[in-house]
Amino acid sequence: MSTDLLDKGYEPHEVEARWYEFWEKNRLFAAKDQSAQQSYSIVIPPPNVTGVLHMGHALNNTLQDILCRYRRLKGDNVLWMPGTDHAGIATQNVVERQLASEGTDRHELGRDKFIERVWAWRRESGGKIIHQLKRMGASCDWERERFTMDEGLSLAVRKVFVKLYEDGLIYRGNYIINWCPRCHTALADLEVEHEEKDSFLWHVKYPFPDGSGGITVATTRPETMLGDTAVAVHPDDERYHNLPAEEVILPLLNRKIPVIRDTYVDRSFGTGGLKVTPAHDPNDFEIGKRHNLPAVKAIGDDGKMTAEAGRYEGMDRFECRKAVLRDLEEQGLLIKTEPLKHNVGHCYRCRTTIEPNLSIQGFVTAKPLADRALAAVRDGRTRIIPEMWKNTYYDWLENIRDWCISRQIWWGHQIPAWTCEDCGELTVAMEAPTSCAKCGSTKLVQDTDVLDTWFSSALWPFSTMGWPEHTPLLKTFYPTSALVTGFDILFFWVARMMMMGLHFMDDVPFRDVYVHALVRDEEGQKMSKSKGNVIDPLVVINHYGTDAFRFTLAAFAAQGRDVKMSEKRVEGYRHFINKLWNAARFSLMHLDKPHPEISRKLSLPDQWILSRLRRVMQAVESNLDAYHFNEAAGALYHFIWHEFCDWYLETVKPSLYGQAGEEAKQASLGVLWRVLRESLILLHPFIPFVTEEIWNKLPGTEGSIMNACYPSDNAASAAIVLHPEAEARMETVMAAITGIRNIRGEMNIPPSMMLDVRVQSSDEQIRSLIEAEKALITDLARLKTLTVEKPGEKPKSAATAIIDKAVIFVALGGIIDFDKEAQRLEKELAKLEKEIAGVSKKLHNEDFLSKAPADVVDKVKEKHAGLSEKHKRFRPI
RNA sequence: GGGCGGGUAGCUCAGUUGGGAGAGCAUCGGCCUUACAAGCCGAGGGUCACAGGUUCAAGCCCUGUUCCGCCUACCA
């Protein structure tokens with residue numbers, strides 16, 4: 001026996017570093033390209049290469065790691081494909097900020113030099129998040145790590161672009177798009193975040209040319225009037241029948257613009273007059289097309305007013321707004337100003353207010369792709385879990401608009417399209433053409449735009465596996481088994497992977513999509529730098545250890561609800577890790593050699609704990625298979641702490657110390673060894689480090705726990721049988737012990753005082769059970785004597801505890817506080833009578849007796865009998 | 001405007017086909033009982049948001065109301 005096998009408290013950091021290095025070095029995360037084993041695969045949601053680990057990553061990757069480690073233990077060939085996303089705008093912004101601090105900018109540097117600079121940045125700082133994922137314990141197959149801009153994935157991107165173009169699903173056009181004047185690029189609709197802001201609705205009068213009144217329009221963005229090319233009214237609006245002129249004067253610029261009729265106009269809004277700015281409003285753009293209106297771009301790509309704005313040229317758009325209002329007011333054309341809440345769009349990368357703007361962009365025709373993505377979920381080829389997200393998914397895809405994929409930035413996949421400077425012919429190809437196919441000219445210029453970052457991430461499930469090559473990896477692991485992701489990128493990423501996967505692989509990219517919640521702070525607020533409520537996962541890891549942190553995330557990851565994180569919670573689960581550690585420490589004091597055999601002669605606690613182990617195995621498996629991470633974690637927590645530690649280890653002590661003979665000791669050692677061993681395997685997916693450490697201290701285990709076999713699948717599991725009868729008997733014994741402890745607590749009797757106890761029962765089985773477990777009860781309840789007898793006279797000066805089918809008397813001699821005891825029993829009696837009243841009311845209800853199912857009625861009858869029995873025993877008092 | 005989720009103990013939340021209201025933390029009381037004071041033993045605490053309905057039976061199903069949160073949308 002030795003106590004220095006484990007230190008007294010668990011110290012995570014050294015253990016974590018040591019084992020992670022061991023796992024990687026021994027290639028324990030490596031997937032096999034081909035194998036007879038069942039395949040299980042997950043592709044990581046690639047974090048931005050600029051990213052630093054936040055709570056969302058921590059949750060996301062913990063859940064994935066739990067699934068992957070679980071499937072490995074179950075014997076699957078597991079691929080967890082890792083990698084990072086080049087994050088076009090975000091990364092470009094980071095490097096641009098660096099340049100700015102050096103007093104230069106990308107234009108001064110030039111495109112090629114700039115891109116070189118970004119690659120250099122990526123080499124230096126781009127691996128940060130990968131390192132952080134490793135500290136979380138993520139068991140990705142790092143040898144296969146990919147990057148959305150690496151050679152293979154870039155090839156896949158070009159191939160997809162060319163194919164979509166050939167399929168007629170990519171087009172170029174002059175459309176109104178969302179323009180970020182700061183990032184200087186177009187954005188997809190999705191990339192615009194709307195926020196409700198307090199603003200004003202300004203009513204502006206556009207006079208008729210003859211000065212006889214005018215039409216008043218209402219606007220929230222008066223500066224755009226400089227680009228107005230019409231005023232629209234509803235055709236049925238009688239206020240605007242018989243106008244003095246079909247033209248009005250655009251104030252400030254004194255340009256004549258037509259009055260048009262369009263049913264889009266809402267007669268009840270404002271005065272029923274709408275100013276039409278085709279170049280700066282999506283609706284006006286549509287109206288403009290219907291009426292062949294010119295589009296005047298009054299706001300430039302830099303957010304400053306253009307020459308079209310006349311004397312406002314060069315002004316910032318918001319400065320211009322003030323100037324326009326001031327001038328209108330002076331001219332008496334500003335009729336009214338009323339407060340109004342309205343939505344303002346912002347760039348999701350830099351928060352700058354979006355400017356709807358007219359420009360030539362590339363689009364993907366989304367409808368045909370979306371239809372297949374819809375069908376695949378409708379017919380169940382891909383499951384979305386929890387189901388409530390299905391509706392959101394359907395809704396978006398059913399109303400999908402074409403996807404603007406061109407971006408006017410430099411960092412990204414440059415669009416593989418070349419224009420002939422001589423004849424204007426457009427060539428779309430995988431590789432740069434040497435000459436124009438039409439005129440033979442060699443003056444070909446590549447499109448300067450790059451593709452939306454999400455274009456390449458949409459290919460992730462197959463591009464990372466070597467597509468367009470037909471690799472063995474693809475064959476083995478596509479479609480992937482599960483995708484684990486937050487709902488914030490359901491549209492950005494999940495829906496688009498579905499579209500691309502179905503189009504190019506002719507199969508769904510994943511069987512299951514598990515959508516998890518957001519991690520919030522303890523008040524339920526979204527974590528953000530500006531609020532200062534961000535909890536840094538690495539700080540948490542440093543304070544409490546990775547295992548405690550992971551277990552916390554798993555334990556709070558209930559489906560459909562946000563995870564509220566606070567360090568205090570993690571602290572609670574650190575206690576759990578330490579509890580496990582100490583239980584192992586105790587066990588290892590006795591387990592000096594392997595004990596793989598299970599005796600045929602097992603004590604009641606031995607049978608009971610094996611039965612409970614079987615139950616927790618079943619619970620963990622069924623819950624993990626259903627993505628109920630919190631339930632699986634909860635079942636393990638309860639089993640380890642409140643069954644294994646609180647009861648089993650206490651009951652087994654006399655046996656381990658040889659007080660029940662050598663045979664009993666050997667039997668208990670066998671059970672202890674088995675339960676500890678299998679528990680470690682069950683726990684490993686959640687808390688990989690501490691389990692690996694203990695595993696390696698446990699005699700008779702070989703190599704890494706990662707090579708172990710899940711308990712339900714290994715040969716020894718035959719010994720772990722459900723034993724309901726043992727569970728019931730143990731429950732009775734535990735109830736007796738608790739009953740005695742209860743009295744001890746209520747009466748403030750110190751544990752050092754040994755008690756005399758008599759158990760009375762008319763049930764022969766109960767009497768023999770208590771008699772058989774006398775040693776156990778005596779030990780755990782700290783008794784001097786325990787007498788078992790048939791019901792008889794109540795002993796004098798005793799406190800009473802009533803359990804099912806037995807009464808327990810604790811002799812208290814002179815120290816009993818009669819008032820207190822009477823009060824205590826009175827309270828218990830009242831509780832009991834209330835229960836009986838409830839149950840007998842049911843049994844007197846004819847409808848219940850005739851309509852409720854027989855088993856339910858029986859159960860209630862049985863309960864009533866039990867309660868009555870108990871009640872009878874209260875009588876003598 | 002449309003949609004979704006939530007309201008259960010002081011706090012954070014479980015509660016899977018309707019039949020015993022639960023856990024963790026916090027609080028209170030007692031313990032250094034030979035793994036663990038990061039511990040052990042015990043106790044108290046709830047009109048399951050509100051109002052109806054279905055049912056023998058509702059935290060759970062239906063209708064309405066209300067409060068909170070989120071997503072989505074082209075009424076200037």
Side-chain angles (χ1 to χ4, degrees), chain A residues 3 6 8-10 176 189 194 201 217-221 224 232 264-266 268-270 273-277 281-286 340 342-343 356 386 388-389 391-392 395-396 399 487-488 490-491 517-518 520 522 524-526 544 548 555-556 558-562 564 566 568-569 571-590 622-623 626 628 630-631 634 637-638 642 645-646 649-650 653 657 738 741-752 779-780 782 835 838-839 842 845-853 855-857 859-860 863:
Chain A
T3 51
L6 297 184
K8 202 169 173 185
Y10 175 60
I176 191 145
D189 295 331
H194 295 274
L201 187 65
V217 299
T219 179
T220 53
R221 301 176 60 222
T224 63
Y264 169 78
V265 179
D266 178 356
S268 63
F269 192 93
L274 173 72
K275 61 189 267 320
V276 182
T277 325
D281 184 283
N283 297 309
D284 295 4
F285 177 74
E286 294 299 323
L340 182 82
H342 78 133
N343 281 319
M388 63 172 177
W389 292 110
N391 289 334
T392 313
D395 195 54
W396 189 71
N399 299 304
F487 60 77
D488 48 334
L490 193 61
F491 307 139
L518 245 51
R520 300 173 178 279
E522 56 188 321
Q525 302 277 319
K526 207 166 171 172
Y544 304 101
F556 281 98
Q559 286 191 0
R561 212 186 269 243
D562 291 338
K564 289 182 194 161
S566 78
K568 233 171 85 186
R569 303 232 164 92
E571 194 178 351
Y573 285 101
R574 179 179 60 169
H575 297 174
F576 173 68
I577 304 297
N578 198 53
K579 186 76 179 173
L580 173 68
W581 179 259
N582 276 293
R585 179 167 177 259
F586 170 78
S587 303
L588 291 173
M589 288 177 183
H590 300 277
S622 63
N623 283 313
H628 291 157
N630 61 320
E631 306 257 352
Y637 182 94
H638 187 263
H642 299 301
C645 292
D646 285 356
L649 290 184
E650 294 306 320
K653 276 179 186 172
Y657 286 107
T738 306
R741 283 177 176 167
N742 190 331
I743 289 170
R744 200 187 273 279
E746 295 278 322
M747 297 292 157
N748 287 344
I749 304 165
S752 53
D779 187 60
L780 291 189
R782 305 184 70 77
E835 257 187 288
V839 176
K842 265 189 178 175
N845 184 339
E846 284 299 325
D847 286 327
F848 173 72
L849 293 173
S850 59
K851 288 180 186 169
D855 59 317
V856 173
V857 175
K859 228 165 115 183
V860 174
K863 189 173 178 191

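What you see below is based on every heavy atom in this structure, not just the backbone, and it leaves out hydrogens, waters and symmetry mates. Each chain gets a letter, A, B and so on, in the order the sequences are listed, and its residues count up from 1.
Residue A:Arg569 contributes atom CZ, which lies 12 Å from atom P of B:C25 at whole-angstrom precision. Regarding A:His194, its NE2 atom lies at a distance of 11 Å from the P atom of B:A76, rounded to whole Å. Computed from coordinates, the A:Asp189 CG to B:A73 P distance equals 7 Å when rounded to whole Å. One can place CZ of A:Arg741 at 17 Å from C1' of B:G29, the figure rounded to the nearest angstrom. If you measure from atom CG of A:Asp281 to atom C1' of B:A73, you get 14 Å, rounded to the nearest angstrom. In this structure, A:Trp396 atom CH2 and B:G2 atom P are separated by 23 Å, rounded to whole Å. If you take NZ of A:Lys275 and C1' of B:C74, they are 14 Å apart, rounded to a whole angstrom. One atom, CZ of A:Arg585, and another, C1' of B:A38, lie 13 Å apart when rounded to the nearest Å.
Here B:G5 is the nucleotide among B:U33, B:A43, B:G5 with the atom lying nearest to any side-chain atom of A:Met388. Picking from B:A14, B:A35, B:C31 the nucleotide with the shortest atom distance to the side chain of A:Asn630 gives B:A14. When distances run from any side-chain atom of A:Phe487 to the nucleotides B:G29, B:G5, B:C70, the shortest one goes to B:C70. When distances run from any side-chain atom of A:Tyr264 to the nucleotides B:C74, B:C71, B:C56, the shortest one goes to B:C74. Set against B:A73, B:C71, B:C31, the side chain of A:Asn343 has B:A73 as its closest nucleotide. Listed nucleotides: B:G42, B:C70, B:U33. Nearest to the side chain of A:Arg782: B:U33. Of the candidate nucleotides B:A38, B:C56, B:U34, B:U34 has the atom nearest to the side chain of A:Tyr657. The side chain of A:Lys579 has B:A35 as its nearest neighbour among B:C56, B:A76, B:A35. Side chain of A:Tyr637, nearest nucleotide from B:G24, B:A76, B:G30: B:G24. When distances run from any side-chain atom of A:Glu631 to the nucleotides B:A43, B:A14, B:C56, the shortest one goes to B:A14.
The nearest heavy atom of RNA chain B to A:Asn391 and to A:His642 marks one nucleotide each, and the one closer to the 5' end goes with A:Asn391. Where A:His575 and A:Glu746 each meet RNA chain B at their nearest nucleotide, the meeting point lying more 5' is that of A:His575.
Here, B:G64 and B:C4 have their P atoms 12 Å apart, quoted to the whole Å. Annotation: B:C48 and B:A9 have their P atoms spaced 10 Å apart (nearest Å). Using P as the reference atom, B:U65 and B:G46 are 32 Å apart when rounded to the nearest Å. Going from the C1' atom of B:G20 to that of B:C60 covers 15 Å, rounded to whole Å. Rounded to whole Å, the C1' atom of B:A38 lies 46 Å from the corresponding atom of B:A57. Across the P atoms, B:U17 and B:G59 are found 14 Å apart, a figure rounded to whole Å. Rounded to a whole angstrom, the distance from the C1' atom of B:U12 to that of B:C56 is 37 Å. Separating the P atom of B:U34 from that of B:A43 is a span of 23 Å, rounded to the nearest Å.
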A:Val276 vs A:Asp284, side-chain contact (heavy atoms from CB on, under 4.5 Å): CA-CA, chis, key distance, verdict
CA-CA 5 Å; A:Val276 182; A:Asp284 295 4; 3.9 Å; yes
A:Thr219 and A:Leu201: CA distance, side-chain angles, deciding distance, side-chain contact (heavy atoms from CB on, under 4.5 Å) verdict
CA-CA 6 Å; A:Thr219 179; A:Leu201 187 65; 5.6 Å; no
Output, in order, the C-alpha distance, side-chain angles, deciding distance and verdict of side-chain contact (heavy atoms from CB on, under 4.5 Å) for A:Thr224 and A:Lys275.
CA-CA 9 Å; A:Thr224 63; A:Lys275 61 189 267 320; 2.7 Å; yes
Chi angles and distances behind the side-chain contact (heavy atoms from CB on, under 4.5 Å) call for A:Phe487, A:Thr392:
CA-CA 10 Å; A:Phe487 60 77; A:Thr392 313; over 6 Å; no
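Scanning both residues, A:Pro750 and A:Arg744, for their nearest heavy atoms gives O-NH1, 2.9 Å. When all heavy atoms are compared, the tightest approach of A:Asn578 to A:Tyr10 is OD1-N, 3.2 Å. Taking all atoms of both residues into account, the shortest heavy-atom contact from A:Ile176 to A:Pro282 is CG2-CA, 3.8 Å.
If you check every strand for non-hydrogen atoms under 4.0 Å, A:Pro356 touches nothing. Here A:Val217 lies out of heavy-atom contact (under 4.0 Å) with every strand. Here A:Asp284 lies out of heavy-atom contact (under 4.0 Å) with every strand. Residue contacts for A:Lys863: at a heavy-atom cut-off of 4.0 Å it reaches the sugar-phosphate backbone alone, with no base atom in range. At the heavy-atom level, A:Phe285 lies nowhere under 4.0 Å from the strands shown. Within the 4.0 angstrom heavy-atom criterion, base atoms lie near A:Asn578. In this structure, A:Ser268 reaches neither bases nor backbone, as no heavy-atom distance under 4.0 Å exists between it and the strands shown. Using a 4.0 Å heavy-atom distance criterion, A:Glu650 is classed as a base contact. Using a 4.0 Å heavy-atom distance criterion, A:Asp266 is classed as a base contact. Residue contacts shown for A:Lys842 are limited to sugar-phosphate atoms, with no base heavy atom under 4.0 Å away.
Of the side-chain N and O atoms in A:Tyr573, none sit less than 4.0 angstrom from OP1 or OP2 of B:U12. Taking 4.0 angstrom as the limit, A:Asn283 places none of its side-chain polar atoms (N or O) nearer than this to OP1 or OP2 of B:C75. A sub-4.0 Å separation between OP1 or OP2 of B:G22 and a side-chain N or O of A:His638 is absent. A close approach under 4.0 Å does not occur between any side-chain nitrogen or oxygen of A:Lys568 and OP1 or OP2 of B:C11.
Checked against the 6.0 Å centroid criterion, the rings of A:Tyr544 and A:Tyr573 do not qualify as a close aromatic pair.
Residues A:Asn630 and A:Phe556 are not in side-chain contact: their nearest non-hydrogen atoms beyond the backbone lie 4.5 Å or more apart. Contact annotation: the side chain of A:Phe848 approaches that of A:Val860 to within less than 4.5 Å [non-hydrogen atoms, C-beta and beyond].
Stems are defined here as 3 or more consecutive Watson-Crick or G-U wobble pairs with pairing distances under 3.5 Å; those involving RNA chain B are B:1-7 with B:66-72, B:10-13 with B:22-25, B:27-31 with B:39-43, B:49-53 with B:61-65.
A cation-pi arrangement is found for A:Lys653 relative to A:Phe586, the charged atom lying closer than 6.0 Å to the ring centre and inside a 45° cone about the ring normal.
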